[in-house]
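Below: the structure, in structure tokens.
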Amino acid sequence: MLIATWNVNSVRAREERLLRWLENHQPDALCLQELKAPEEAFPFDAVREVGYEAAVLGQKTYNGVAILAKTKPEDVELGFGDDIDDPQARCIAATVSGIRLVCVYVPNGSTVDSDKYTYKRLWLDRLVTYIEERELTADPFALLGDYNIIPEARDANRPDEWEGSVLFNPEMRDRFGELLGLGLTDAFRQCRDEDGLYSWWDYRQLGFPKNNGLRIDHILVSADLVERCTDARIDRDERKGQKPSDHAPVLVEIDWP
DNA sequence: ATGGTTGTTCAACAA
């Protein structure tokens with residue numbers, strides 16, 4: 001079973017690339033972030049024509065998440081379902097082939113002294129509560145998405161330039177560790193230990209040609225899946241050519257069922 | 001160099 005996550009940075013601007021990518025890679029499930037479109041603008045028909053059903057939580061202009069799969073996503077849950085009124089579309093969950101998939105677009109946080117960073121912290125608190133209350137780590141479970149967290153220095157080309165930022169500081173590293181503490185494992189690192197592997201490059205300053213990137217898109221998996229992870233990769237070829245997203249897809253192969 | 005690029009919506013915001 002091949003599962004993947006990709007921040008597409010507008011599903012409308014990326015529709016053709018998305019369709020070609022699905023045809024070429026044939027993942028069993030793909031989690032998308034930053035649709036930047038309401039549900040009614042999602043290309044359900046075009047996606048169905050290449051063999052995928054979609055569960056979508058859309059939002060006008062910002063955010064928006066979706067889970068695409070070759071079989072219809074089951075038991076879809078939109079948002080955290082907690083008592084906080086939050087208009088930002090950043091979390092969607094569904095079951096595919098008996099694996100609970102949670103697709104997240106973690107807030108960026110802007111700057112550490114901003115209200116947006118306060119929201120990022122609160123949002124991560126709510127994510128931990130969401131996982132705990134549903135006891136998701138007890139069963140086959142994967143948490144995929146744009147975490148907006150650099151887990152370690154080796155996950156940045158120039159870690160010194162990011163230290164202290166909203167993506168890379170002691171608190172955010174602790175938050176990533178907290179997720180691992182729930183019983184999750186970074187499936188990408190389970191398979192790939194080398195440096196220089198990134199999932200995002202700035203559009204500016206020749207970020208991609210210089211490989212000045214970050215690994216901020218992650219696939220964390222529960223204990224019963226981690227031992228079955230057979231391969232992982234980042235499709236950096238998708239960052240090439242005309243009008244790519246600033247993020248590349250991250251893929252994990254699991255021996256399942 | 002508080003720089004540069006992309007997307008959405010329409011001058012500004014977010015990343």
Side-chain angles (χ1 to χ4, degrees), chain A residues 5-21 30-43 46-47 56-66 79 86-92 103-124 127 144-151 155-169 171-172 175-176 198-218 234-250:
Chain A
T5 181
W6 186 18
N7 180 324
V8 286
N9 186 20
S10 170
V11 72
R12 284 175 288 184
R14 226 65 65 200
E15 180 174 339
E16 279 310 310
R17 292 190 76 123
L18 170 63
L19 297 173
R20 297 295 86 76
W21 195 85
L30 171 64
C31 294
L32 297 176
Q33 303 86 37
E34 283 210 86
L35 303 178
K36 293 187 172 181
E39 182 182 2
E40 56 267 30
F42 188 89
V47 161
V56 176
L57 178 61
Q59 183 185 328
K60 179 181 162 72
T61 311
Y62 300 119
N63 310 312
V65 286
D86 186 351
Q88 299 195 34
R90 296 181 175 274
C91 181
I92 187 170
C103 169
V104 293
Y105 176 42
V106 178
N108 171 288
S110 187
T111 58
V112 291
D113 61 352
S114 67
D115 291 344
K116 291 188 176 66
Y117 187 66
T118 304
Y119 173 72
K120 181 180 192 176
R121 293 163 149 169
L122 175 63
W123 198 93
L124 287 165
L127 174 61
L144 311 90
D146 178 354
Y147 284 57
N148 272 311
I149 296 175
I150 304 165
D155 297 312
N157 186 64
R158 301 178 188 181
D160 47 311
E161 293 184 5
W162 294 93
E163 179 60 51
S165 74
V166 293
L167 304 181
F168 191 51
N169 63 56
E171 180 184 24
M172 284 299 128
R175 292 306 185 93
F176 193 82
Y198 311 122
S199 65
W200 175 90
W201 302 262
D202 202 310
Y203 281 128
R204 302 162 289 186
Q205 308 283 114
L206 299 173
F208 184 70
K210 293 193 285 197
N211 199 29
N212 183 14
L214 305 175
R215 195 175 71 92
I216 54 176
D217 301 274
H218 306 298
I234 297 174
D235 179 25
R236 67 193 308 288
D237 288 345
E238 175 54 39
R239 186 59 167 74
K240 301 171 181 172
Q242 292 289 317
K243 289 175 74 76
S245 170
D246 45 356
H247 296 250
V250 180

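Predicted, not measured: the structure shown is a model, and the values here were computed from it. Chain identifiers are assigned alphabetically (A, B, ...) following the order of the sequence lines, protein sequences preceding nucleic acid strands; residue numbering begins at 1 within each chain.
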Within the side chain of R14(A), is there an N or O that forms a donor-acceptor pair under 3.5 Å with the backbone of V8(A)? yes
When the [atom1] atoms of [M] and [N] are compared, how many Å lie between them, rounded to an integer?
{"N": "dA14(B)", "M": "dC10(B)", "atom1": "C1'", "value": "15 Å"}
{"N": "dT8(B)", "M": "dG4(B)", "atom1": "P", "value": "22 Å"}
{"N": "dG3(B)", "M": "dT9(B)", "atom1": "P", "value": "25 Å"}
{"N": "dA1(B)", "M": "dA11(B)", "atom1": "C1'", "value": "24 Å"}

Applying side chain to side chain contact (heavy atoms under 4.5 Å, CB included), name anything that partners [X], two or more places apart in sequence or on another chain.
{"X": "F176(A)", "result": "Y147(A), I149(A), P151(A), L180(A), D186(A), H218(A), L220(A)"}
{"X": "N157(A)", "result": "Y198(A), N212(A)"}
{"X": "D246(A)", "result": "N9(A), W200(A), Y203(A), R239(A)"}
{"X": "T61(A)", "result": "none"}

R20(A) meets the salt bridge (charged side-chain N to carboxylate O under 4.0 Å, His left out) criterion, sequence neighbours left out, with E16(A), E23(A)
Do any pairs count as a salt bridge (Lys or Arg N to Asp or Glu O under 4.0 Å) and have a residue in residues 201-210 of chain A, sequence neighbours left out, and if so which ones? D202(A)-R204(A)
Do any pairs count as a salt bridge (Lys or Arg N to Asp or Glu O under 4.0 Å) and have a residue in residues 108-124 of chain A, sequence neighbours left out, and if so which ones? R121(A)-E171(A)
Atom of C103(A), atom of V65(A) and distance for their closest heavy-atom approach: SG-CB, 4.0 Å
Can you pull out the residues from residues 200-213 of chain A that lie within a 4.0 Å heavy-atom distance of DNA chain B? Y203(A), R204(A), Q205(A)
Of D246(A) and K36(A), whose closest DNA chain B nucleotide lies nearer the 5' terminus? K36(A)
Relative to the 5' end of DNA chain B, which residue comes earlier, S10(A) or G109(A), by the nucleotide with the nearest heavy atom? S10(A)
Kindly write out the residues that satisfy side-chain hydrogen bond (donor to acceptor under 3.5 Å, both in side chains) with E163(A), not counting sequence neighbours, or none if the list is empty. R173(A)
Using the test ring-ring contact (aromatic ring centres under 6.0 Å, His included), find all partners of F42(A) that sit at least two apart in sequence or belong to another chain. F44(A)
Boundaries of the DNA chain B segment in contact with chain A, non-hydrogen, under 4.0 Å: dG4(B) to dA15(B)
For a stem of at least 3 consecutive Watson-Crick or G-U pairs with distances under 3.5 Å, i pairing with j, i+1 with j-1 and so on, which stems involve DNA chain B? B:5-8 with B:12-15
